[in-house]
Amino acid sequence: MNYWLLKSEPNTYSISDLERDGSTSWEGVRNYSARNNMRQMKVGDLGLYYHSNANPPGVAGICKIAREAYPDYYAWNKRSKYYDDKSSREKPRWFMVDVQYVESFDELLSLERIKDTKSLRDMVLVKQGRLSVQPVKQSEFDAIVRMAGGGGRRG
DNA sequence: GCCAACGTTGGC
DNA sequence: GCCAACGTTGGC
């Protein structure tokens with residue numbers, strides 16, 4: 001199984017929203033690297049749910065991939081803010097997955113603490129920053145869950 | 001609101 | 001294919 005980190009702005013859709021909804025579709029990714037990462041996801045993979053543009057930013061909890069990549073149909077809807085005329089039904093350019101709520105950490109694990117942790121210094125989150133869907137090593141996933149006091153093991 | 005670090009676009 | 005101009009992300 002693989003591990004991922006998914007960024008969402010809590011103003012737009014926080015982990016509490018995901019908890020309320022149970023699951024959600026992850027549309028609107030318009031970056032090729034992020035899209036390619038999504039296409040690697042398998043049902044059951046676990047994701048760190050990251051709050052970006054937040055105060056403070058950090059990992060808020062855990063989610064699970066509930067459906068593998070399928071065409072992002074928002075790209076075909078002219079009235080959607082995710083509309084892209086270069087994506088067609090015949091040749092979809094963008095993809096989305098479904099994610100399911102797993103757990104919220106009691107306390108957000110801040111980006112600052114992640115940066116201060118030696119074993120997490122090589123995370124894409126720290127090294128590259130801006131990517132909204134990124135791979136995470138199992139060791140990194142485990143360390144973050146441990147630091148956040150989460151119980152989120154597979155399941 | 002600023003701006004660094006990327007990504008994308010399009011002229012050539 | 002190069003690269004300048006522009007747009008976006010996201011921390012601060």
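Naming convention: chains lettered A, B, ... in sequence-line order (proteins, then strands); numbering from 1 in each chain.
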Colleague: Please state how far atom CG in A/Leu125 lies from atom P in B/dA5, giving the value in whole angstrom units.
Modeller: 16 Å
Colleague: Which of the following nucleotides, C/dG11, B/dT9, C/dG10, is nearest to the side chain of A/Lys86?
Modeller: B/dT9
Colleague: How many whole angstroms separate atom CG of A/Leu5 from atom C1' of C/dG10?
Modeller: 13 Å
Colleague: With distance as the sole criterion, is a donor-acceptor pair present between the side chains of A/Tyr70 and A/Asp98 under 3.5 Å?
Modeller: yes
Colleague: Want to settle it: does A/Arg30 or A/Asn53 sit nearer the 5' end of DNA chain B, counting the closest nucleotide to each?
Modeller: A/Asn53
Colleague: Using side-chain hydrogen bond (donor to acceptor under 3.5 Å, both in side chains), reason through A/Tyr74 and A/Asp84 one step at a time and then give a plain yes or no.
Modeller: CA-CA 8 Å; A/Tyr74 289 77; A/Asp84 181 353; over 6 Å; no
Colleague: Grab the CG-P distance between A/Asp116 and C/dG11 for me, whole Å please.
Modeller: 15 Å
Colleague: Find the distance A/His51:NE2 to C/dT9:P and express it as a whole number of Å.
Modeller: 17 Å
Colleague: What is the distance, rounded to the nearest whole Å, between atom CD1 of A/Ile114 and atom P of C/dG10?
Modeller: 14 Å
Colleague: With a non-hydrogen cut-off below 4.0 angstrom, is A/Glu9 in contact with a base, only sugar-phosphate, or nothing?
Modeller: nothing
Colleague: Please report the distance, rounded to the nearest Å, between CZ in A/Arg130 and P in B/dC3.
Modeller: 17 Å
Colleague: I want to know whether A/Trp26 and A/Tyr49 have ring centres closer than 6.0 Å.
Modeller: yes
Colleague: In whole angstroms, how far is the P atom of C/dG11 from the CD atom of A/Glu112?
Modeller: 13 Å
Colleague: Considering only B/dT8, C/dG11, C/dG10, which nucleotide approaches the side chain of A/Tyr32 most closely?
Modeller: B/dT8
Colleague: On the nucleotide C/dG11, are OP1 or OP2 found under 4.0 Å from the side-chain N or O atoms that A/Tyr50 carries?
Modeller: yes
Colleague: Check whether any side-chain nitrogen or oxygen of A/Lys7 sits under 4.0 Å from OP1 or OP2 of C/dG10, and answer yes or no.
Modeller: yes
Colleague: Counting heavy atoms not belonging to A/Asn55, are there more than 12 under 6.0 Å from its CG?
Modeller: no
Colleague: Does the side chain of A/Gln128 get closer than 4.0 angstrom to OP1 or OP2 of B/dG7 through an N or O atom?
Modeller: yes
Colleague: OP1 or OP2 of B/dC6 versus the side-chain N and O atoms of A/Lys127: is any pair under 4.0 Å?
Modeller: no
Colleague: Once you round it to whole Å, what is the distance between P of C/dG7 and CG of A/Asp84?
Modeller: 16 Å
Colleague: Any donor and acceptor pair, going by atom type alone, linking the side chain of A/Ser87 with main-chain N or O of A/Arg93 inside 3.5 Å?
Modeller: yes
